[in-house]
Amino acid sequence: MRNSVFLIFFSFLCLSLSAQNGIDFLHGEWEDALAKARKERKVIFVDAYTVWCGPCKMMSRNTFTDPEVGKFFNNNFVNYKFDMEKGDGPAFAQKYQVNAYPTLLFINHKGELIHRALGYKPPKPFLVEGKKALDPSRNQSLLELEFEDGTATPEQLFNYALNLKAAGEDYSKAAAQYFATQSPKQLRSSVNWEAIRELSSDMDGPEFRYLLKKRKKFSKMHGKRAVDNKITEVLKKEVIASAVLNKKSRYLDAIALADKAIKDDGQTASYLKVVYAEAKRDWSDYTYKAIYHFDTYSVTNPESLDQAVRNFTQYVADEENLKHAVDWARRSVVLQNAAYNNESYARLLYKLGDADQALKQANKALQLAYQEGIDTLEIEELIQQIRAGK
């Protein structure tokens, strides 16, 4: 009796420690995971990773070790880590169309994909993905069948479009079908604001036109910045498409809409002109428009500033023009002191011949990369290049 009590206590302690230590991943073959899922009537969570993937390491370090994540995933899933470059990994990656890392897959005991997500997820967003996978209405295989048969309900169309977007696949048809089921009155609901924010991508879509028509009401309900950002996002996509497809009239329509819909002294329209020149790869026009935009307006997006710095470093030769980008690089780093923009700053300085300052900035980028848990190879190669050239 004493031994039985001890064994029960020991088992409880192990389970508690497992939960405290995060996700308990199954060790063994893929067939073992399928068999365990079949026996326990659970869905399999698969961390599809590679050993060189920085975000994969961040997931392992920051997310999979979270106690709340561990408790939820250990209770509800069979958890399995799968290196996509070893053993059966390449065949698995081909079967489930794993093209980016990490890819987070949720698969039933039959080997059918239920749900997927891409990229690094902190604990709370990762828990949301797990809960989505357990929602029968979000079963990707079922939703796909309902969509193809034309029997999907509005809720199923909405969920299917969201799943496709999370998987990095084309969701435009499913989104268009969903919005076609919604009346103007329904589009004002909080649920449909989420739908517009997540799924609207067509400048001619009825939901986008309704957003433009009622933008003041939407701004009052959901915030002017959120509404302006959504309008900009859709117009940016249209501008890029018009450049690729050589449809200048479409581009001009997008610029006109930006001027009319967003009252910011022309900043959004100016930004879209920069985007268009970049998409056209017209670097002479891009140089002119970028200098005007980033020197005229107070741009507070560090990634946008960094993109301009990278483009100037790669495609602009004139030293006087490059000096404009030095200011943008400084502003980007002030707004967000990260490895990516410190590296860009270093490359720009090196191109301008300031090896000492470039080396200082590159070393700073390297230290930040270590802290962020991202791959450091390119930064290390840059440091070696600068030292060799001094």
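Atom set for the values below is all heavy atoms of this structure, side chains included, hydrogens, waters and symmetry mates excluded.
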Shared hydrophobic cluster for Met59 and Phe72 (ILVMFWY, side-chain gaps under 4.5 Å):
yes

Hey, quick one: are Val274 and Ile255 part of the same hydrophobic cluster, counting side-chain heavy atoms closer than 4.5 Å, chains of contacts allowed?
no

Taking all heavy atoms of Leu348 and all of Ala329, pick out the closest pair and write down the distance.
CD2-CB, 4.5 Å

Does any part of the side chain of Leu34, heavy atoms only, come nearer than 4.5 Å to the side chain of Ile44, both counted from C-beta?
yes

For the atom pair CD (Gln97) and CG (Leu105), what is the distance rounded to the nearest 0.5 Å?
10.5 Å

Glu146 and Thr151: side chain donor to acceptor below 3.5 Å
yes

Could you tell me whether the side chain of Pro90 reaches within less than 4.5 Å of the side chain of Met84, counting heavy atoms only?
no

Using side-chain heavy atoms (C-beta onward) and a distance below 4.5 Å, is Phe208 in contact with Ser201?
no

Taking the side chain from Arg38 and the backbone from Asn108, do they hold a donor-acceptor pair closer than 3.5 Å?
no

Does Thr103 use its side chain to pair, donor to acceptor, with the backbone of Val98 at less than 3.5 Å?
no

Distance flag, aromatic centroids of Phe126 and Phe45, threshold under 6.0 Å:
yes

hydrophobic_cluster_shared for Val191 and Leu211, side chain cutoff 4.5 Å
yes

Looking at Thr232 and Asp228, would you say the former's side chain and the latter's main chain have a donor-acceptor pair under 3.5 Å?
yes

Return the CD1 to NZ distance between Ile291 and Lys323, rounded to the nearest 0.5 Å.
12.5 Å

Find out if a path of hydrophobic residues (ILVMFWY) with successive side-chain heavy-atom gaps under 4.5 Å connects Tyr160 to Ile107.
no

Between Asp285 and Lys280, does any NZ, NE, NH1 or NH2 come within less than 4.0 Å of an OD or OE carboxylate oxygen?
no

Using a 6.0 Å cut-off, check whether atom OH of Tyr288 has over 12 heavy atoms from anything other than its own residue.
no

Tell me whether Asp327 contacts the main-chain N or O of His324 through its side chain, where contact means a donor paired with an acceptor under 3.5 Å.
no

Please determine whether side-chain contact (heavy atoms from CB on, under 4.5 Å) holds for the pair Met203 and Arg250, giving the CA-CA distance in whole Å, both sets of side-chain angles, and the decisive distance to 0.1 Å.
CA-CA 10 Å; Met203 189 168 70; Arg250 189 79 172 168; 3.6 Å; yes

Any side-chain donor paired with an acceptor under 3.5 Å for Arg347 and Thr313?
no

For the residue pair Phe73 and Phe106, categorise the inter-ring angle as parallel (less than 30°), tilted (30 to 60°) or perpendicular (more than 60°).
tilted

Minimum heavy-atom separation for His293 to Ser270, with atom names?
ND1-OG, 2.9 Å

Smallest heavy-atom separation, Ala33 atom then Leu26 atom, equals CA-CD2, 3.5 Å

Just by modelled atom types, is the Ala261 backbone N or O under 3.5 Å from a matching donor or acceptor in the Arg215 side chain?
yes

Is Asp32 reaching over with its side chain to a backbone N or O of Glu29, donor-acceptor style, under 3.5 angstrom?
yes

Validation row, ring centre Tyr297 to ring centre Tyr271 under 6.0 Å
no

Without swapping roles, check the side chain of Glu372 against the backbone of Ala339 for a donor-acceptor pair under 3.5 Å.
yes

Between Trp30 and Asp88, is a side-chain contact (heavy atoms from CB on, under 4.5 Å) present by the stated rule, with each step listed?
CA-CA 9 Å; Trp30 174 238; Asp88 294 331; 5.9 Å; no

With no hydrogens and no angle check, do the side chains of Asn159 and Lys132 hold a donor and an acceptor under 3.5 Å apart?
no

Under a 3.5 Å threshold, yes or no: a donor from one side chain and an acceptor from the other, between Trp328 and Asp306?
no

Would Lys36 and Lys42 satisfy side-chain contact (heavy atoms from CB on, under 4.5 Å), going step by step from the backbone distance to the final call?
CA-CA 8 Å; Lys36 185 175 177 66; Lys42 288 183 177 180; over 6 Å; no

Is there a salt bridge (Lys or Arg N to Asp or Glu O under 4.0 Å) between Lys237 and Glu233 once you walk through the steps?
CA-CA 6 Å; Lys237 181 179 179 181; Glu233 176 194 317; over 6 Å; no

Could you tell me if Glu85 and Trp52 have a donor-acceptor pair between their side chains, going purely by distance under 3.5 Å?
yes

So, Glu278 and Gln307: side-chain donor and acceptor under 3.5 Å apart, yes or no?
yes

Any heavy-atom pair between the side chains of Leu368 and Asn337 that's under 4.5 Å?
yes

Determine, for Phe25 and Lys81, whether the Lys NZ or Arg CZ falls below 6.0 Å from the six-membered ring centre while staying within 45 degrees of the axis.
yes

From CD1 (Ile262) to NZ (Lys260), nearest 0.5 Å:
13.0 Å

Which class fits the ring pair Phe82 and Tyr80: parallel under 30°, tilted 30 to 60°, perpendicular over 60°?
perpendicular

Check: Tyr96 ring centroid to Phe92 ring centroid under 6.0 Å:
yes

So if you build clusters from Ile, Leu, Val, Met, Phe, Trp, Tyr with side-chain heavy-atom gaps below 4.5 Å, do Leu305 and Tyr345 land together?
yes

Tyr292 side chain near Lys273 side chain, heavy-atom distance below 4.5 Å
no

Run the side-chain contact (heavy atoms from CB on, under 4.5 Å) test on Leu272 and Tyr251 for me, step by step, so that the C-alpha distance in whole Å, both residues' side-chain angles and the decisive distance to 0.1 Å come before the verdict.
CA-CA 9 Å; Leu272 293 175; Tyr251 157 68; 5.5 Å; no

What one should report as the nearest heavy-atom pair of Ala365 and Asn342 is CB-CB, 3.7 Å

Asp24 versus Asn79, side-chain donor and acceptor atoms under 3.5 Å
no

Could you tell me if the side chain of Gln156 sits less than 4.5 Å from the side chain of Tyr178, heavy atoms only?
no

Taking Lys121's backbone N and O only, do any of them form a donor-acceptor pair with Lys124's side chain (distance below 3.5 Å, no angle check)?
no

Just by distance, with hydrogens left out, do Tyr286 and Arg281 show a side-chain donor and acceptor under 3.5 Å apart?
no

Please tell me whether Asn321 and Thr287 have a donor and an acceptor in their side chains that are separated by less than 3.5 angstrom.
no

Give a yes or no answer on whether the side chain of Lys230 reaches the backbone of Arg197 with a donor-acceptor pair at less than 3.5 Å.
yes

Can a side-chain donor-acceptor contact be found between Asn192 and Gln186 if the only test is distance below 3.5 angstrom?
no

Locate the shortest heavy-atom distance separating Ala258 from Thr268; write the atom from each residue and the value.
CB-CG2, 4.2 Å

Val43 vs Asn76 side-chain heavy atoms within contact, under 4.5 Å:
no

On a heavy-atom basis, the closest approach of Pro302 and Leu335 is CB-CB, 4.0 Å

Flag if over 12 foreign heavy atoms under 6.0 Å of CG, Asp149
yes

Is a salt bridge present between Lys110 and Glu112, judged by a nitrogen-to-oxygen distance below 4.0 Å?
no

Interatomic distance, Ser304 atom OG to Phe294 atom CZ [nearest 0.5 angstrom]
4.0 Å

The reported gap from CD in Glu303 to CD in Gln336 (rounded to nearest 0.5 angstrom) is 6.0 Å

So does Tyr350 get a backbone contact from the side chain of Asp354, meaning a donor-acceptor N/O pair under 3.5 Å?
no

Decide yes or no for Lys216 and Lys220: does some side-chain heavy atom of the first lie under 4.5 Å from some side-chain heavy atom of the second?
no

